[in-house]
Amino acid sequence: MDSRIEIAKGDITKIDADAIVNAANSSLLGGGGVDGAIHRAAGPGLLDECRRLDGCQTGEAKITKGYRLKARHVIHTVGPIYRHGQDNAGLLRSCYLRSLELAASNGLKSIAFPAISTGVYGYPVEEAARVALEAVNDFLGNDDTLERVVMVSFDDRNLKALQDASRGV
Ligand code: AR6
């Protein structure tokens, strides 16, 4: 695994990085889970800017400022709602790749991800961890602008899934 990848446990809203990633929904107008936590911590300026973005499609990403967060930017991405009959892994992988592309194209050096889709959207945690780490590792293999990518777990199950997955990457 690329040495720039870090696996950590905690609250992503507290992280000092050039960007934290939000597991948003396609409206980009807030919600529960990590999305709610990020909007609460960032303050109303974030929602004002999000209203001007005209939403975001599943697997895509958009960038805003970080407002009252320690992080300078928020990259909002929309993970897939896990279901049969769609390319869940392809869409989840795309969330990570698009977010990293946005970070790199904006000259950012550090970015932190939550476990996209593994809450309300129902993506199996172990499978999501493998898709996430593989996507980040593949991206970093062709990138020399990013210096640090933190995979942030809120709970022990996600943390263990990432640690296990890191042995296979
Ligand atoms: N820091 C880090 N991770 C967190 C935090 C936090 N403060 N809070 C929760 N998590 P979810 P999704 C973890 O449901 O599945 C929202 O309503 C959580 O434990 O936040 O992509 C949006 O508006 C889980 O592992 O996002 C959408 O409608 C992970 O973040 C929908 O939920 C993702 O859980 C998106 O669902």
Side-chain angles (χ1 to χ4, degrees), residues 5-44 46-51 53-64 66-84 86-100 102-103 110-136 148-166:
I5 303 175
E6 240 174 75
I7 293 170
K9 190 181 165 194
D11 178 352
I12 202 168
T13 66
K14 305 276 197 281
I15 287 197
D16 185 359
D18 291 329
I20 60 171
V21 175
N22 182 16
N25 60 63
S26 57
S27 77
L28 296 187
L29 298 180
V34 71
D35 193 5
I38 288 173
H39 274 275
R40 273 194 302 282
L46 181 61
L47 185 58
D48 283 345
E49 186 174 354
C50 283
R51 281 191 221 283
L53 295 179
D54 196 26
C56 183
Q57 300 209 328
T58 303
E60 299 293 326
K62 293 192 175 177
I63 189 167
T64 65
Y67 298 90
R68 295 178 191 158
L69 292 165
K70 254 193 208 153
R72 269 71 71 196
H73 300 85
V74 179
I75 292 176
H76 307 260
T77 189
V78 183
I81 300 171
Y82 191 83
R83 59 180 162 229
H84 295 289
Q86 76 176 355
D87 181 14
N88 296 297
L91 289 167
L92 186 62
R93 178 179 170 86
S94 172
C95 287
Y96 286 91
L97 296 179
R98 296 278 185 222
S99 298
L100 290 162
L102 260 185
S110 56
I111 181 170
F113 284 98
I116 299 164
S117 283
T118 64
V120 175
Y121 282 0
Y123 208 114
V125 166
E126 286 73 21
E127 193 185 324
R130 282 194 295 273
V131 171
L133 269 188
E134 243 170 58
V136 172
R148 184 173 171 239
V149 180
V150 190
M151 312 297 287
V152 183
S153 295
F154 203 49
D155 55 77
D156 287 323
R157 183 160 175 219
N158 255 301
L159 182 69
K160 184 169 186 307
L162 280 167
Q163 287 166 340
D164 288 349
S166 72

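Counting convention: from 1, in listed order, for ligands and their atoms alike. Positions are given from 1, in the same order as the sequence printed here.
Residue contacts with ligand 1 for Asp155 involve side-chain atoms from C-beta outward but no N, CA, C or O (heavy atoms, distance under 4.0 Å).
Between Ser27 and ligand 1 there is no heavy-atom distance shorter than 4.0 Å. Using a 4.0 Å cutoff on heavy atoms, Ser117 counts as a contact of ligand 1.
Checking Glu49 against Tyr67 by side-chain atom types alone, a donor-acceptor pair falls below 3.5 Å. At a cut-off of 3.5 Å, with distance as the only test, a side-chain donor of His76 or Thr64 sits close to an acceptor on the other residue.
Here the protein heavy atom with the shortest distance to atom 33 (C) of ligand 1 is Ala115 O, 3.3 Å. Protein heavy atom nearest atom 1 (N) of ligand 1, with residue, atom name and distance: Ile12 N, 2.9 Å. Taking atom 14 (O) of ligand 1 as the reference point, the nearest protein heavy-atom neighbour is Val120 N, 2.9 Å. Annotation: atom 26 (O) of ligand 1 to nearest protein heavy atom, Ala23 CB, 3.8 Å. Of the protein's heavy atoms, Thr118 OG1, 2.7 Å lies nearest to atom 25 (O) of ligand 1. In terms of protein heavy atoms, atom 18 (C) of ligand 1 is closest to Phe154 CB, 4.4 Å.
Atoms of ligand 1 found under 4.0 Å from any heavy atom of Gly32 (numbered from 1 in listed order, with element): 16 (C), 17 (O). Per-residue contacts place Gly10 under 4.0 angstrom from the following atoms of ligand 1 (heavy atoms of the residue considered): 1 (N), 2 (C). Below 4.0 Å from some heavy atom of Gly31 lie the following atoms of ligand 1, by number and element: 17 (O), 23 (O). Using a 4.0 Å cut-off to heavy atoms of Asp11, the atoms of ligand 1 that qualify are 1 (N), 6 (C), 7 (N). Taking every heavy atom of Asp35 and a limit of under 4.0 angstrom, the matching atoms of ligand 1 come to 22 (C), 23 (O). Distances below 4.0 Å separate heavy atoms of Asn158 from the following atoms of ligand 1: 25 (O).
Between Pro80 and Tyr123, the closest side-chain pair of non-hydrogen atoms falls below 4.5 Å. When side chains are defined from C-beta on, Met151 counts as touching Tyr96, because their heavy atoms get closer than 4.5 Å. Ser166 has its side chain within reach of Leu133: a pair of non-hydrogen atoms, C-beta onward, lies under 4.5 Å apart.
In this structure a side-chain-to-backbone donor-acceptor pair under 3.5 Å is present from Arg72 to Lys70. Of the possible donor and acceptor atoms, one in the side chain of Ser99 sits under 3.5 Å from a partner among the backbone N and O of Cys95. Gln86 contributes a side-chain N or O that, together with a main-chain N or O of Ile81, makes up a donor-acceptor pair within less than 3.5 Å. Panel note: side chain Asn25, backbone Gly30; a donor-acceptor pair is recorded below 3.5 Å. Counting only distance, with no hydrogens or angles, the side chain of Asp18 and the backbone of Ser110 share a donor-acceptor pair below 3.5 Å.
Remark: ligand 1 and Ala37 share no N or O pair separated by less than 3.5 Å (distance only, no angle test). The distance criterion of under 3.5 Å between nitrogen or oxygen atoms is met by Val34 with respect to ligand 1. Residue contacts with ligand 1: Ile116 is placed with no nitrogen or oxygen under 3.5 Å of a nitrogen or oxygen of the ligand (distance criterion only).
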Between His39 and Cys50, does a side chain to side chain contact (heavy atoms under 4.5 Å, CB included) hold up when you go through it step by step? CA-CA 10 Å; His39 274 275; Cys50 283; 4.0 Å; yes

Could you walk me through whether Val149 and Phe113 satisfy the side chain to side chain contact (heavy atoms under 4.5 Å, CB included) test, starting with their C-alpha distance in whole Å, then the side-chain angles of each, then the deciding distance to 0.1 Å, before giving a yes or no? CA-CA 8 Å; Val149 180; Phe113 284 98; 3.9 Å; yes

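Of the listed options Ala41, Gly122, Gly119, Gly119 places a heavy atom closest to atom 34 (O) of ligand 1.
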